[in-house]
*Asks:* 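If you scroll down you'll find the structure; I have some questions about it.
Atoms considered below: every heavy atom in the structure, side chains included; atoms not considered: hydrogens, waters and symmetry mates. Quantities reported herein were computed from a predicted structural model and do not represent experimental measurements. Here is the naming used below: chain letters follow the sequence lines, and residue numbers restart at 1 for every chain.
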Number of protein chains: 2
Amino acid sequence: MTQDVKEIFAGGAPPAPAALAAKVRTLAPSMTRSMQRVAEAVAGDPAGCAALTVTGLAELTGTSEATVVRTARLLGYPGYRDLRLALAGLAAQQQSGRAPAVTADIAVDDPIADVVAKLAYDEQQTLADTAAALDTAQLGAAVAAIAAARRVDIYGVGASGLVAQDLVQKLMRIGVMAHAHSDPHLAVTGAVQLRAKDVAIAITHSGSTGDVIEPLRVAFEHGATTVAVTGRPSGPVTQYADHVLTTSAARESELRPAAMSSRTSQLLVVDCLFVGVAQRTYETAAPALSASYEALAHRHSPRTGR
Amino acid sequence: MTQDVKEIFAGGAPPAPAALAAKVRTLAPSMTRSMQRVAEAVAGDPAGCAALTVTGLAELTGTSEATVVRTARLLGYPGYRDLRLALAGLAAQQQSGRAPAVTADIAVDDPIADVVAKLAYDEQQTLADTAAALDTAQLGAAVAAIAAARRVDIYGVGASGLVAQDLVQKLMRIGVMAHAHSDPHLAVTGAVQLRAKDVAIAITHSGSTGDVIEPLRVAFEHGATTVAVTGRPSGPVTQYADHVLTTSAARESELRPAAMSSRTSQLLVVDCLFVGVAQRTYETAAPALSASYEALAHRHSPRTGR
DNA sequence: CCCCAAAGGAAAATATCTTTCATAATGTGA
DNA sequence: TCACATTATGAAAGATATTTTCCTTTGGGG
């Protein structure tokens, strides 16, 4: 027990219990081929892998012990031994629990009802993965920075641009000066004016969208606190990010574009940021919140009561 | 290998999964004092012991490694390693049995980790509700109309405006001429030009947003097929809607504004529309889809392969 | 009081995990 | 296209953990 406590406090990142499949999905893109093979085996058959030794798993996946250990590390465990323990736990859980739901891909001839069910399931999965993989320390730091900020600039293009706007809408409502930029030139122009105590947030699934990285770099170099919301924690964008918030994306396919689950994931992160900031600035945020709450309630349901 | 052989000769008993506590009680009488201490520790705190190494457990119980191994054997495992694995499984089971407890409302002083869990849970709930309540007949009709449309106009303001834009981004990608309007005047101007075979979609959670209803009315009166995506299927907006798609919203509160879950719900509906249309227009949509899929894949992960 | 047998532990032997380092594969820029 | 830089990978050395061996201790009978 003592060890547990010490480890948690010392390591900072406690190893995941059942959020393993989530981590695999989240981190798979940033893995090398060999490591992906290992991760796949592990996610596919936790019980089977738990019975294997490093050497066994290495042979099974056609890799080396070193690669297995590297994969375990990437998944957040100190080494293979601990991954194996988590695997045993996972196996026990899913044996006692229910069978994993069907996760078939969406086909061209799926009836519409199936499409609804599959999309809903996928997005739920994405949410669970994101929540499990989100680093609350980083999130807390980002929240603190935003709450104390004089001004917040947010960069995002394409689908991420909409997420950026969503965050702006929310922050504005609680009195935080936030601006969304989708035009890279204007974004850089704005970034130049940022200083310490200002915050810049880049939202990019790929982590390598130049139009978004550039303004973040400028903001970073001007001393602003920078935050990256990305699905690739090892991507270029994190180079200029003080705090990295990792979004996860379920596997994608032709009829299920990446934009879909990455958007869901990004929105959850953004919501967390918002609620976090609202908590921190509750004194000032509360009036604004209830005001819009009241306004909406009054406008939308004048007679149905609640 | 040596282990296997011995195991087989020893009795062939497969290691116990969760019936560990029972085994301890059963076998305790036939144990020596030191072994009882070990068994006790193991049964008392599976999670804690799973984190310990043989040496650790030996020290904790004031015994030696050899005794720990002997105890493990007596409990039916080939060695301590396997006992430890079973322990990890047991711990995971116990933990998963514990209540989720995330159904509570978000409080001002909730730690950030709780916020994440609660938000994720809520949004998952919203998705499930929406999927369950969605009328697939209406959805199918809306999809058919969009797939056959010459042009699609989408109205939404505030948070719903972002959802409208999201749908536009997606539809554009598969070659559907879609436009989002957040300016009510321009929306009406555009609506005037719509005729039969065109589609107008209004997105409003409240179902009573005048700025969105007005253009939908105009479109309706000009003979366009009209769709309403709303959380109030009895609200004013449905008056002018040929097809109504109902979104659901989980309960809201001060720190959890309605915009959050309604947005999640709306996005799911919008995703379903998109996938439905993509299916129907697969011949023309497929090239566009794979093109953007490829483009993204190439641009974002030049080396991670598949 | 001495001897025996069971219990328990120290340390050697073995298996397992981790790290290091050299090599191969891959992308990059001229 | 080729040389170069970078990264990924596996073989083997090194470190830990587990198991076994064997010896010491303890607690009763003769």
*Asks:* For residues 180-192 of chain A, pull every pair meeting side chain to side chain donor-acceptor pair (under 3.5 Å), keeping only residues two or more places apart or in separate chains.
*Replies:*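 Applying side chain to side chain donor-acceptor pair (under 3.5 Å) to every pair that reaches into residues 180-192 of chain A, excluding sequence neighbours, yields A:Asp153-A:His181.
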*Asks:* CD of A:Gln36 versus P of D:dT9: gap in Å, rounded?
*Replies:*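 So the two atoms are 9 Å apart, to the nearest Å.
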*Asks:* Using a heavy-atom cut-off of under 4.0 Å over every strand shown, decide if B:Arg37 touches base, sugar-phosphate, or nothing.
*Replies:*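 Answer is nothing: B:Arg37 stays at 4.0 Å or more from every strand.
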*Asks:* Describe the nucleic acid contact of B:Arg33 in one word from base, sugar-phosphate, nothing, applying a heavy-atom distance below 4.0 Å.
*Replies:*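 Counting heavy atoms under 4.0 Å across all strands, the contact made by B:Arg33 is with sugar-phosphate only.
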*Asks:* Of the candidate nucleotides C:dG8, C:dC17, D:dT18, which contains the atom at the shortest distance from the side chain of B:Tyr80?
*Replies:*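 Closest of the options to the side chain of B:Tyr80: D:dT18.
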*Asks:* Near DNA chain C, which residues from residues 49-68 of chain A have a heavy atom under 4.0 Å away?
*Replies:*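 Close to the strand are A:Thr53, A:Val54, A:Glu65, A:Ala66.
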*Asks:* Whole angstroms only, please: what is the CZ-C1' distance between A:Arg81 and C:dA15?
*Replies:*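 In whole Å, C:dA15 C1' and A:Arg81 CZ are 10 Å from each other.
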*Asks:* Just how far, in rounded Å, is P of D:dT18 from CZ of B:Arg70?
*Replies:*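 Checked: the CZ to P distance equals 16 Å.
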*Asks:* In this structure, how many angstroms lie between the P atom of C:dT16 and the CG atom of A:Asp82, rounded?
*Replies:*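 Whole-Å distance recorded here is 17 Å.
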*Asks:* Nearest-Å distance, CG (A:Leu87) to P (C:dC17)?
*Replies:*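 In whole Å, C:dC17 P and A:Leu87 CG are 12 Å from each other.
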*Asks:* On the nucleotide C:dT19, are OP1 or OP2 found under 4.0 Å from the side-chain N or O atoms that A:Arg73 carries?
*Replies:*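 Answer yes for this pair, as a side-chain N or O of A:Arg73 is under 4.0 Å from OP1 or OP2.
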*Asks:* Could you point out which residue of B:Thr67, B:Val68, B:Leu83 forms a side chain to side chain contact (heavy atoms under 4.5 Å, CB included) with B:Val54?
*Replies:*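 With B:Val54 as partner, B:Thr67, B:Val68, B:Leu83 yield a single side chain to side chain contact (heavy atoms under 4.5 Å, CB included), made by B:Val68.
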*Asks:* Is the distance from OP1 or OP2 of C:dC17 to the nearest side-chain N or O of A:Arg84 less than 4.0 Å?
*Replies:*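 True: A:Arg84 side-chain N/O within range (under 4.0 Å) of C:dC17 OP1/OP2.
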*Asks:* Is a side-chain donor or acceptor of A:Arg37 paired with a backbone partner of A:Thr63 at a separation under 3.5 angstrom?
*Replies:*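 No: the side chain of A:Arg37 does not pair with the backbone of A:Thr63.
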*Asks:* Counting only heavy atoms not in B:Gln169, do more than 12 fall under 6.0 Å of its CD?
*Replies:*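 Counting neighbours around CD of B:Gln169, more than 12 heavy atoms of other residues, nucleotides or ligands fall under 6.0 Å, so yes.
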*Asks:* Distance-only, no hydrogens or angles: does the A:Thr61 side chain make a donor-acceptor pair with backbone N or O of A:Leu57 under 3.5 Å?
*Replies:*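 A pair under 3.5 Å: yes.
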*Asks:* Holding to salt bridge (Lys or Arg N to Asp or Glu O under 4.0 Å), I want the full list of residues that pass it with A:Glu59, two or more places apart in sequence or in another chain.
*Replies:*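 Residues passing salt bridge (Lys or Arg N to Asp or Glu O under 4.0 Å) with A:Glu59: none at all.
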